Amino acid sequence: QATLHFDGGCTPPNAGGLPTFGWKLVGFTMETVPPGLFDTATPGRGPGETRVTHSECGHCEDRPAREMTSNLAEWEALCDGLDWLRETGVRVANLQINGDSNLVIQQLNRRWSAKKPHLRERRDHARAVLQDVAVKFHAWWLPRAQNSECYGLARRAYVEEMERRAKESGAGSRACE
């Protein structure tokens with residue numbers, strides 16, 4: 001059992017802003033955990049069980065301005081987390097996916113159609129990767145207040161990218177610690 005929490009946002013809001021995202025994986029494994037793969041690995045609830053966590057954040061690049069939206073950022077958060085699972089070779093019997101984007105949750109569960117081609121591509125990518133990393137999955141919507149850690153990761157990605165851009169342009173910038 002593992003849970004992938006995700007969140008994304010776009011600042012300034014929507015078309016043309018900077019979409020950023022964050023995700024966190026929390027799970028339990030009976031397998032030996034390779035050193036350095038997860039942020040933390042602590043004893044779990046049962047004998048031989050290990051509780052593992054890993055989180056990352058980032059921003060979307062190389063997209064037309066009209067596609068740079070919060071919805072894209074939400075999909076990128078989910079896809080980045082799933083891609084990380086696939087790249088590390090982790091496979092789980094049951095993956096629970098939690099996010100505060102009702103659009104992503106409903107489209108992933110195929111309750112809503114994905115009309116915009118760039119969002120449909122992200123949905124299809126997520127579903128394809130899910131076949132590689134999870135025997136089965138369940139996607140649930142969470143209120144934003146219950147997803148604050150991933151919101152903070154997405155916000156951190158925005159601040160870090162703005163500071164990087166300011167340094168590149170020669171403008172003064174104070175490092176965020």
Side-chain angles (χ1 to χ4, degrees), residues 2-27 33-42 51-90 97-105 107-108 114 116-126 128-129 132-133 141-177:
T3 304
L4 178 62
H5 302 269
F6 71 93
D7 194 22
C10 189
T11 306
N14 291 325
L18 175 63
T20 58
F21 59 84
W23 58 267
K24 179 179 182 178
L25 177 75
V26 179
V33 177
L37 181 61
F38 295 97
D39 296 338
T40 63
T42 57
R51 181 179 191 274
V52 294
T53 65
H54 184 76
S55 60
E56 292 190 12
C57 62
H59 66 279
C60 310
E61 295 181 6
D62 304 326
R63 296 268 186 176
R66 70 182 179 284
E67 292 181 6
M68 299 294 231
T69 64
S70 293
N71 290 335
L72 174 68
E74 296 279 0
W75 273 114
E76 288 295 328
L78 176 58
C79 288
D80 195 68
L82 292 173
D83 287 341
W84 182 86
L85 276 171
R86 182 165 60 184
E87 290 165 11
T88 57
V90 173
I97 298 170
N98 295 337
D100 60 26
S101 169
N102 196 35
L103 178 121
V104 169
I105 297 301
Q107 288 180 346
L108 183 64
K116 298 199 178 206
H118 67 288
L119 300 181
R120 186 171 41 249
E121 182 274 325
R122 296 282 71 203
R123 183 211 53 204
D124 293 347
H125 176 79
V129 175
D132 294 341
V133 301
W141 174 82
L142 289 178
R144 179 161 287 152
Q146 293 179 21
N147 204 27
S148 61
E149 188 172 354
C150 288
Y151 172 82
L153 289 168
R155 190 73 193 140
R156 184 178 90 195
Y158 176 78
V159 169
E160 289 174 356
E161 180 60 14
M162 290 291 93
E163 288 184 345
R164 186 193 67 76
R165 289 179 182 190
K167 283 181 183 177
E168 268 185 12
S169 70
S173 174
R174 191 167 58 85
C176 179
E177 297 186 30

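For reference, positions follow the sequence shown, starting with 1. Computed from a prediction, not measured in an experiment: that's the story for all the values here.
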- Note on the structure: dist D132:CG -> L85:CG (nearest 0.5 Å) comes out at 10.5 Å

- Give the intermediate values and the outcome of side-chain contact (heavy atoms from CB on, under 4.5 Å) for residues C79 and V129. CA-CA 8 Å; C79 288; V129 175; over 6 Å; no

- Item | Separation between SG of C57 and CZ of R155, rounded to the nearest 0.5 Å | 12.0 Å

- Message: For the CZ atom of R122 and the CD atom of Q107, what is their distance to the nearest 0.5 Å?
- Response: 13.0 Å

- How about W75 and R123: do any of their side-chain heavy atoms sit closer than 4.5 Å? yes

- Measure across G22 and C150 and return the closest heavy-atom pair with its distance rounded to 0.1 Å. O-CB, 3.9 Å

- Task: Could you give me the CA-CA distance, side-chain angles and deciding distance for L25 and T3, then say whether side-chain contact (heavy atoms from CB on, under 4.5 Å) is met?
- Result: CA-CA 6 Å; L25 177 75; T3 304; over 6 Å; no

- Task: Heavy atoms only: give me the nearest F21-A77 pair and the separation to one decimal.
- Result: CB-CB, 3.4 Å

- Item | Residue list, side-chain hydrogen bond (donor to acceptor under 3.5 Å, both in side chains) with E121, at least two apart or on another chain | none

- Query: Going by heavy atoms in the side chains, are E149 and H5 under 4.5 Å from each other?
  - Reply: no

- Item | Heavy-atom pair with the smallest gap, counting every atom of C10 and T69 | CB-C, 3.7 Å

- Item | Side-chain touch W23/L4, heavy atoms, less than 4.5 angstrom | yes

- Report yes if the side chains of M162 and L18 come closer than 4.5 Å at any heavy-atom pair, otherwise no. yes

- Do the side chains of N98 and N147 get nearer than 4.5 Å, heavy atoms only? no

- Item | Test side-chain contact (heavy atoms from CB on, under 4.5 Å) applied to M68 and H118, step by step | CA-CA 10 Å; M68 299 294 231; H118 67 288; over 6 Å; no

- Task: Take E76 and R63 through the salt bridge (Lys or Arg N to Asp or Glu O under 4.0 Å) test and state the conclusion after the steps.
- Result: CA-CA 12 Å; E76 288 295 328; R63 296 268 186 176; 3.4 Å; yes

- Message: Below 30° counts as parallel, above 60° as perpendicular, anything between as tilted: where do the rings of W84 and H54 land?
- Response: parallel

- Query: Looking just at side-chain N and O atoms, do W141 and D100 make a donor-acceptor pair shorter than 3.5 Å?
  - Reply: no

- Message: Is the shortest side-chain heavy-atom distance between F6 and I97 below 4.5 Å?
- Response: yes

- Is there a donor-acceptor pair under 3.5 Å between the side chain of E74 and the backbone N or O of V104? no

- Query: Are any of the side-chain heavy atoms of L153 and D7 separated by less than 4.5 Å?
  - Reply: no

- Message: For the NE2 atom of H59 and the OH atom of Y158, what is their distance to the nearest 0.5 Å?
- Response: 12.0 Å

- Stepwise, does the side-chain contact (heavy atoms from CB on, under 4.5 Å) test hold for R164 with E161? CA-CA 5 Å; R164 186 193 67 76; E161 180 60 14; 2.6 Å; yes

- Could you tell me which residues satisfy side-chain hydrogen bond (donor to acceptor under 3.5 Å, both in side chains) with Q146, sequence neighbours excluded, listed by chain and number? none

- Message: Measuring only between side-chain heavy atoms, which start at C-beta, is V159 closer than 4.5 Å to R156?
- Response: no

